[in-house]
Amino acid sequence: MTRKVTKAVFPVAGMGTRFLPATKSVPKEIMTLVDRPLIQYAIDEAREAGITEFIFVTSRGKGALEDYFDRAPELESSLRAKGKTALLETLEATNMDSGAIAYVRQHQALGLGHAVWCARHLIGDEPFAVLLPDDVIAAETGCLSQMVEAYAETGGNMIAAMEVAPEKASSYGIMDVPPSISRVLPMQGMVEKPAPGTQPSNLAAIGRYILSPDVMRHLGEIEPGAGGELQLTDAIAREIAEKKNVYGFRFEGQRYDCGSKAGFLQATVAFGLAREDLRQELDEFLVDMVASRHAAE
Ligand code: UTP
């Protein structure tokens with residue numbers, strides 16, 4: 001029997017340099033896709049998957065994130081007085097139960113692995129999920145829910161996997177897996193940002209993980225890796241070498257890299273088109289825009 005996953009870590013301490021100057025004062029996770037900040041998509045996905053304890057690893061300048069999950073009594077009473085019940089319900093979704101959310105500080109941006117390790121005392125001896133909010137995944141059943149289901153059958157550690165073009169492999173953690181079309185793939189190794197042409201496969205890890213407490217232990221023991229950062233990938237690679245109990249998981253859904261400008265724009269268009277209240281206007285605009293660009297060429 002595998003232990004139920006109820007805790008999730010959200011590493012949000014990165015500097016978000018690709019979105020400067022915006023991220024000088026606005027945390028990347030507060031940037032909005034249509035009308036919800038990136039972090040809300042990740043929280044909703046985690047809730048759907050049965051997560052009840054939410055651990056944010058933050059850094060200086062992320063105060064807006066804490067405020068976002070706080071109540072807004074003046075705003076609520078003003079909406080109530082005006083009878084704006086639909087907007088009140090929208091606000092409800094952002095409220096977290098007292099004690100459900102915890103914040104720990106990463107004092108220096110030493111890498112994703114280090115950020116996750118900062119949550120070690122809150123995780124204790126339990127399996128836990130990690131969600132990177134800048135990976136937004138549109139799916140009928142949330143990506144983490146799909147993984148929790150697979151994890152209940154397999155146990156071990158589960159990492160969301162996505163095929164990437166060979167020339168993009170050097171931007172990701174790449175899985176060493178046997179060629180197979182199965183959804184759950186036993187991993188033989190994992191390498192962070194492999195040099196071009198050396199990647200063991202085209203399967204990249206993206207920002208959803210279910211990890212055992214042993215991976216947390218490895219995080220406390222590894223040395224800085226690619227880019228001089230403490231890499232989560234290196235701790236996972238140790239776990240594979242020790243126990244061979246790490247699996248890549250091909251999820252169903254469309255992932256958007258909202259940590260990059262192009263990915264964020266694509267997600268904005270896709271999520272806008274998915275909304276009934278916006279679809280027609282946006283669709284007409286895009287068609288006109290493309291037509292006039294073609295005409296100008
Ligand atoms: P990124 O590699 O996207 O880095 O981090 P970043 O700082 O957020 O953005 P850029 O590259 O400068 O534009 C991936 C995830 O890991 C977290 C980030 O917050 C993001 O969710 N992270 C990264 C940390 O929490 N701490 C770190 O030291 C590094």
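Just the heavy atoms: all of them, side chains too, but no hydrogens, waters or symmetry mates, feed the values below. Keep in mind it's a predicted model, so treat the numbers as computed, not measured. Order of listing sets the numbers, starting from 1, for every ligand and every atom in it.
For ligand 1, the atoms closer than 4.0 angstrom to any heavy atom of L110 are 28 (O). Set against the non-hydrogen atoms of A115, the atoms of ligand 1 under 4.0 Å away are 24 (C), 25 (O), 26 (N). Those atoms of ligand 1 that come under 4.0 Å of a heavy atom in K28, given as number and element, are 3 (O), 6 (P), 8 (O), 9 (O). The distance from ligand 1 to the heavy atoms of A109 drops below 4.0 Å at these ligand atoms: 28 (O). Counting atoms of ligand 1 from 1 in the listed order, those under 4.0 Å from a heavy atom of G111 are 26 (N), 27 (C), 28 (O), 29 (C).
Without hydrogens or angle criteria, T94 side chain to T90 main chain gives no donor-acceptor distance under 3.5 Å.
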Worksheet item: What do the steps show when you test F19 against F264 for ring pair (Phe, Tyr, Trp, His ring centres under 6.0 Å), and what is the final call?
Response: CA-CA 10 Å; F19 280 99; F264 192 90; 5.8 Å; yes
Worksheet entry | side chain to side chain contact (heavy atoms under 4.5 Å, CB included) assessment of V104 paired with L122 | CA-CA 9 Å; V104 288; L122 294 169; 3.6 Å; yes
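At the shortest separation from atom 22 (N) of ligand 1 among protein heavy atoms lies G14 N, 3.7 Å. Looking only at protein heavy atoms, the nearest one to atom 17 (C) of ligand 1 is P11 O, 3.7 Å. Here the heavy atom of the protein found nearest to atom 3 (O) of ligand 1 is R18 NH2, 2.9 Å. When hydrogens are left out, the protein atom nearest atom 25 (O) of ligand 1 is A13 N, 2.9 Å; that is the closest non-hydrogen contact. Protein heavy atom at the shortest distance from atom 7 (O) of ligand 1 is M15 N, 2.8 Å. The nearest heavy-atom contact from the protein to atom 12 (O) of ligand 1 is T17 OG1, 2.5 Å. Scanning all protein heavy atoms for the shortest distance to atom 16 (O) of ligand 1 gives L112 CD1, 3.6 Å. Here the protein heavy atom with the shortest distance to atom 26 (N) of ligand 1 is Q106 OE1, 2.7 Å.
Cation-pi geometry between R36 and Y41 is met: the NZ or CZ atom falls under 6.0 Å from the ring centre, inside 45° of the normal.
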Donor-acceptor list for residues 159-178 side chains, cut-off 3.5 Å, not counting sequence neighbours:
unit_1 : atom_1 : unit_2 : atom_2 : d
E163   : OE2    : R250   : NH1    : 2.9
Y172   : OH     : R255   : NH1    : 3.0

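Every pair passing side chain to side chain donor-acceptor pair (under 3.5 Å) that includes a residue from residues 187-201 is listed here, sequence neighbours excluded: E192-T233.
Ion pairing of R279 with E284 is absent here, as no side-chain N (NZ or NE/NH1/NH2) approaches a carboxylate O to less than 4.0 Å.
Heavy-atom distances between H114 and ligand 1 stay at or above 4.0 Å for every pair. The shortest separation from a heavy atom of D134 to ligand 1 is under 4.0 Å, placing the residue in contact.
Between the side chains of E48 and S145, at least one donor N or O lies within less than 3.5 Å of an accepting N or O.
Residues E252 and R183 come closest through the heavy atom pair N-NH2, 3.7 Å.
Within the 6.0 Å centre-distance limit, the rings of F69 and F56 are counted as a close aromatic pair.
Inside a 4.0 Å radius of atom 5 (O) of ligand 1 there is not any protein heavy atom.
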